[in-house]
Amino acid sequence: MASTRNHLSRVLAILALALVSPAAASPFEDALGPAPREDDGRFLNLAGPMPEVSASVTLPFFLRRIASSFTEISSALDQVPNDGAWLRENAKHSEPAVTWVGHATLLVQMGHLTFLTDPIWSDRASPVSFAGPQRIVEPGVAIDDLPPIDFVVVSHNHYDHLDLPSLVTLSERDPNTRFYVPLENGELLRENGIENVEELDWGQHVEHEGVRVYCLPAQHWSKRGIGDDREALWSSWAVVSPERRFFFAGDTGYFDGFARIAEALGPFDLAALPIGAYEPTEMMKASHLNPEEAVQAAIDLRARAAVAMHYGTFKLSDEPLDEPPTRFKEAASEGALGDEAAWLLRIGETRAF
Ligand code: ZN
Ligand code: ZN
């Protein structure tokens with residue numbers, strides 16, 4: 001009798017849990033989310049608070065950046081013409097392919113869907129049009145030449161990743177385009193007239209017409225205005241279809257999250273990893289990968305190939321513009337990833353994966 005009662009109470013407990021748990025909850029989510037928060041609601045990284053960097057490093061850096069924002073800089077990147085014709089045709093049958101538009105903007109086609117990562121078409125990654133990091137290479141595909149975009153993922157609210165003019169244009173172009181953002185980023189989009197938005201926490205996913213879109217940890221931060229540090233969440237993303245697994249790191253430092261993500265969702269067919277914005281090291285190390293760390297991240301993610309991004313498009317940091325791709329190739333060739341698996345696309349180039 002006692003055991004029957006125990007059994008009954010266990011069944012009732014499971015039923016009660018099923019009623020209160022969101023549909024997307026799973027043991028996997030517990031491993032990767034929710035994102036930690038401070039008492040005041042500000043988000044934290046898995047490793048906790050980031051180290052403070054002294055003003056003797058940050059101040060000269062910001063002065064150099066201001067000077068650079070008014071200096072003419074020439075591009076070190078190769079560009080191939082891309083009128084979007086093949087991409088528009090491929091949207092109908094969707095051979096898995098990735099196109100580098102520039103910076104962290106990739107157009108990905110897989111599972112009969114077309115999506116964009118961190119779309120930026122603007123001339124500056126900045127709240128103002130007259131200053132801030134300037135675009136030094138034209139976008140690889142004109143925004144008007146894009147195929148219909150099923151969805152967009154945004155990693156965080158820094159201006160080089162969350163570019164409101166581009167998001168508004170994409171939304172006006174096609175109201176069916178859906179925008180997936182990490183927690184507390186939705187309001188900014190809605191304030192600007194973008195209604196088709198969904199916020200996700202780390203570990204959560206949505207089903208989008210046969211593919212799963214996962215919001216996942218990254219080691220970074222957020223800030224868009226005065227005093228709003230870490231109020232909106234940052235993330236990486238994975239998109240999983242029956243035939244392909246794609247990972248987009250957003251902006252991130254090196255952390256054990258890559259191995260944890262691989263354990264839950266790997267191996268990946270393609271991982272898009274940032275390789276630029278790593279100098280001065282003391283300032284950047286916690287929140288940006290250098291090229292060698294990007295190669296290690298690809299290995300941790302068990303990625304069959306890694307495509308480099310977040311370099312060469314805007315001058316954001318102190319390292320020379322042509323250094324990240326050279327170091328990325330060297331590190332891959334010398335280590336377990338191998339030269340062939342380390343992809344440097346030209347701006348506008350499309351490659352099957
Ligand atoms: Zn950032
Ligand atoms: Zn960035």
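Keep in mind the model is a prediction, meaning the values are calculated, not measured. Counting starts at 1 for both ligands and their atoms, following the listed order.
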- Task: Using the side-chain hydrogen bond (donor to acceptor under 3.5 Å, both in side chains) rule, collect all pairs that involve residues 48-64, keeping only residues at least two apart or in two chains.
- Result: Ser54-Ser56, Arg64-Asp318
- With sequence neighbours excluded, give me every side-chain hydrogen bond (donor to acceptor under 3.5 Å, both in side chains) pair touching residues 123-146. none
- Do Leu344 and Leu321 belong to the same hydrophobic cluster, where Ile, Leu, Val, Met, Phe, Trp and Tyr are linked whenever their side-chain heavy atoms lie under 4.5 Å apart, directly or via other members? no
- Message: Tell me if the aromatic rings of Tyr180 and Phe151 count as close, with their centers under 6.0 Å from one another.
- Response: yes
- Please list, in chain and residue-number order, the protein N/O/S atoms closer than 2.8 Å to the Zn ion (ligand 1). His156 NE2, His158 ND1, His220 NE2, Asp251 OD2
- Query: Taking the six-membered ring where the residue is Trp, are the ring centres of Phe246 and Phe115 under 6.0 Å apart?
  - Reply: yes
- Residue pairs fulfilling side-chain hydrogen bond (donor to acceptor under 3.5 Å, both in side chains) with at least one residue in residues 110-121, sequence neighbours excluded: Gln109-Thr114, Asp118-Ser155, Asp118-His161
